[in-house]
> 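Before I ask anything, let me first share the structure, which is written out below as structure tokens.
Proteins come first, then strands; the chains are lettered A, B, ... in the order of their sequence lines, and each starts at number 1.
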Amino acid sequence: MFSSIKLAVVVFTLISVTSIIGTLIQQQVEPERNIQMLGKIFGASAPAVYKVFSTLGFMDMYRSWWFLSLLFIFAANLVICSIDRLPGIWKLAKEPVKPLDADIFKSLIIRPQVQVKAKLSDARTSVITGLGKIGFKHVLTDETSGQIYAEKGRYSRLGVYVTHLSILFILLGGIEGKFFGFDGYLPLLEGTSASSIEARDGKQIPLGFSVRCDDFDVSFYDNSDTPKSFRSKLVVIDNNREVLKKDIEVNDPLRYKGVVFYQASYFFSQDHVKDAKFILKVYSKADNKSSQVDAGLEKLTEIPGTGLSLKIQDFSPAIGIDDKTGQLMTYANQMNNPAAFIEFFEGNKSIHKQWVLKRFPDTWKTPFGSVELVDIWGVQYTGLQVRKDPGVWLVYLGCLLMAAGLYAAFFMSHRRIWLRLHEEKGSTFVTVAGSTNKNKIQFDQKIDSFIKSLQQ
Amino acid sequence: MDSSQLFGIATIAYILAMVAYIAYLAFRNSAVGTVATTITIAGFVAHTIAFFVRTAEFYEVGQMGIMRAIPLTNLYESLIFFVWCIILGYLIIEFKYKTKSFGAFITPIAGMALAFIDLSGIHKEIHPLVPALQSNWLLAHVTMSFLSYAAFAISFSTALMYLSVTTEDKKSGPYIFWTVTLGVFVSILVAMGIDLLAFKIVATRPEEFIKSYLFRATFRSGSGIIVLLSTIGLGAIIYAAYSYGHLLKKVITSFNISKDMLDDLTYKCIAVGFPVFTLGGLVFGAVWADQAWGRYWSWDPKETWSLITWFVYAFFLHARFLRGWKGQKIAIVAVIGFVSTIFTYLGVNMLLTGLHSYGAQ
């Protein structure tokens with residue numbers, strides 16, 4: 001029953017149709033969103049319809065038992081169909097080319113009686129070199145029938161099976177990952193660490209080690225809010241020792257003990273501004289020296305060697321000017337354009353205050369020298385996607401096999417060629433028989449160029 | 001010379017080539033045929049150089065290395081690349097099949113498409129890449145996906161042509177099928193054209209165009225009257241395709257295109273498109289997703305629809321090889337395959353809510 005092609009078509013169709021439903025219904029979201037969507041089609045009865053779909057597992061259908069069963073039947077069908085047809089093809093792929101019986105030779109003739117102006121022995125040599133030029137490297141001669149014959153790409157006949165096999169590898173890899181792996185999300189505030197992550201279902205998964213985020217940073221393309229890159233400085237701590245340090249960014253994750261940490265997102269936390277470290281780099285006009293100052297919100301901090309001190313009075317993660325009122329405003333809740341309002345003191349007397357913007361050096365100038373806002377540390381979360389997938393190598397192997405299989409199946413062909421030569425009045429006449437399982441036009445062109453090379 | 005001047009040269013060359021191809025069909029003079037081919041190749045060369053110049057411009061702006069300077073990140077660029085793929089496909093067909101009959105069909109489409117892209121005022125600025133797209137897989141994944149889309153597009157047109165030359169009876173299923181499909185397809189193209197003219201698209205990514213602008217000037221317009229008019233227009237185009245479909249048969253036969261050649265071409269294009277799509281679209285896409293997001297497959301609508309498209313073409317190949325399907329049946333499967341392809345490209349982003357909006361975090 002599994003070997004029938006009808007079953008294959010039915011399973012293909014079922015997977016496709018249910019998948020389409022799965023793309024219409026949003027997967028793993030709050031019920032309200034799908035009820036709202038269903039409401040557009042079913043009106044007032046949407047909640048009831050939702051209940052039916054939900055009971056059938058459509059709200060998380062790609063993990064439902066029946067969808068996985070469909071995939072399983074698909075795999076079983078693929079295996080059995082392939083096994084059914086394999087012996088025949090295997091025989092073809094195993095069996096080397098042989099000289100042909102006279103009548104079969106006759107039926108496969110593609111170029112009869114091509115005249116070559118050379119003696120038989122010379123013609124034979126040029127036939128062999130000519131065949132080499134069109135890709136037939138091992139040319140054999142049969143003494144009894146006088147046939148010269150060769151073949152090429154015999155194993156390409158297995159390409160289809162390699163492709164089928166590769167699908168099974170990928171499915172197996174998927175199963176292994178599902179049962180022996182995990183994935184989840186980890187928001188990590190700068191300066192903090194965690195030893196477990198949150199799975200999709202909200203459960204905490206212990207990692208067996210901990211990971212700390214030392215710093216998080218976004219850089220932007222000039223004068224725009226398009227992020228150029230964002231990166232987290234991560235440290236892995238195992239058995240109380242720092243064992244691995246890496247800066248990760250999108251497309252460049254950190255791996256440790258089979259667990260991979262991907263840079264997925266980031267967000268700014270207003271709640272942590274009061275404890276944040278405002279890192280300033282001050283170039284003092286007085287002595288031409290620069291020094292780093294770690295300031296805090298509403299905390300008076302000395303600037304070394306100047307006798308002055310400063311205080312951060314206000315902070316905006318994304319400062320801008322309101323087009324209508326001309327007032328300063330915060331235009332985003334990410335740190336797209338961070339700015340600190342700094343007040344300078346001599347003793348207890350306020351002498352100057354101004355906004356300093358991280359991304360705009362023009363704003364760093366003060367009456368006392370330049371004050372650069374280097375970083376506001378401890379206010380950003382890095383969003384890490386965390387995964388352990390022991391089956392991923394099988395998937396990659398499947399991908400490689402699929403590439404090889406498809407190449408063999410579509411771009412290679414099994415070509416065989418047989419030739420008979422006879423001499424007549426100082427000329428040699430060559431009769432060519434041949435067959436190919438694919439791409440007859442290209443084969444024909446090769447034969448044409450072969451004949452040309454003989455007649456030169 | 002900058003890239004847009006070179007694209008201009010390609011546009012003019014394709015339109016001149018069209019004239020030459022028609023002259024060739026009329027006079028059957030081989031010298032005229034050679035001229036037509038030469039002009040097309042010249043246009044194609046200019047088009048290719050333009051593509052490289054654009055890459056160099058992108059390289060300057062992006063500063064991310066050559067593997068990430070692939071000019072395929074906005075709508076303008078992707079449309080131009082699509083036209084390039086179609087001409088490439090045509091030239092291969094011309095040389096492999098030694099026929100110039102399709103030239104008179106393809107070159108005007110290419111020339112008009114390029115001219116239209118230029119005239120519509122669509123934004124041509126180069127936009128630097130957002131972090132998610134900064135990967136060496138971008139080049140392989142995007143170019144190969146587009147190449148396969150182009151191959152499927154050609155198989156779609158040959159399959160439709162096949163159906164048009166083999167159907168007589170206006171009441172037969174296949175006739176209704178191909179004329180209605182053609183009508184819908186033409187309507188989509190017209191509607192997209194109106195969008196381009198109406199909005200001078202500023203979207204930085206094709207995905208963004210689809211989501212925010214596609215059909216906004218027609219079917220998805222805020223005004224009820226425009227929606228109504230658009231729907232009437234759709235109906236009218238479908239009706240016209242149905243009523244005058246038989247004329248296409250005359251045109252095709254007068255261009256000396258045989259139905260066997262059409263059948264063979266449909267198959268050949270899919271035989272090229274399928275492995276390229278599997279590898280570039282699905283496999284490379286999965287590998288990239290694995291490296292960027294930690295999931296090689298997440299049943300996101302785009303992925304799911306790619307898989308459905310893949311199933312349809314896999315079915316096409318198996319039906320042909322194992323069951324020996326030929327002719328109308330297989331042509332219909334090829335048409336369905338391309339409908340699924342188009343939905344994967346346009347419909348998913350427009351109608352369905354997914355994880356991505358590729359690239360947006």
> Please classify the contact between Lys96(B) and chain A as side chain, backbone, both or neither, with a heavy-atom cut-off of under 4.5 Å.
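Both the backbone and the side chain of Lys96(B) come within 4.5 Å of chain A.
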> Heavy-atom distances under 4.5 Å only: say whether Phe274(B) touches chain A with side chain, backbone, both or neither.
side chain
> Parallel under 30°, tilted from 30 to 60°, perpendicular over 60°: which one fits the rings of His318(B) and His164(A)?
parallel
> Taking Asp290(B)'s backbone N and O only, do any of them form a donor-acceptor pair with Tyr262(A)'s side chain (distance below 3.5 Å, no angle check)?
yes
> State, yes or no, whether a side-chain contact exists between Leu317(B) and Phe410(A) at a heavy-atom distance under 4.5 Å.
yes
> Any side-chain to backbone donor/acceptor pair from Gln134(B) onto Lys228(A)? Under 3.5 Å, distance only.
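Checked: pair present.
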> So which part of Leu322(B) gets closer than 4.5 Å to some heavy atom of chain A, the side chain, the backbone, both or neither?
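Answer is side chain: those atoms of Leu322(B) sit under 4.5 Å from chain A.
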> Determine, step by step, whether Trp299(B) and Phe67(A) satisfy the ring pair (Phe, Tyr, Trp, His ring centres under 6.0 Å) criterion, reporting the C-alpha distance in whole Å, the side-chain angles of both residues, the deciding distance to 0.1 Å, and the verdict.
CA-CA 12 Å; Trp299(B) 293 105; Phe67(A) 190 76; 5.0 Å; yes
> Is there a side chain to side chain contact (heavy atoms under 4.5 Å, CB included) between Tyr296(B) and Asp389(A) once you walk through the steps?
CA-CA 10 Å; Tyr296(B) 49 82; Asp389(A) 188 345; 3.3 Å; yes
> Would you mind telling me which of Arg387(A), Gln442(A), Met61(A) has the largest number of heavy-atom pairs within less than 4.5 Å of chain B?
Arg387(A)
> What closest approach, in Å, do Thr23(A) and Pro301(B) show between heavy atoms, and which atom pair accounts for it?
CG2-CA, 3.7 Å
> Quick one: what part of Phe261(A) sits under 4.5 Å from any heavy atom of chain B, side chain, backbone, both or neither?
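Neither part.
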> Using side-chain contact (heavy atoms from CB on, under 4.5 Å) as the criterion, list what pairs up with Lys326(B), not counting sequence neighbours.
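So Lys326(B) forms a side-chain contact (heavy atoms from CB on, under 4.5 Å) with Asp263(B), Arg320(B).
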> By the salt bridge (Lys or Arg N to Asp or Glu O under 4.0 Å) test, which pairs, at least two apart or in different chains, include something from residues 393-406 of chain A?
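Output for this query is empty, none listed.
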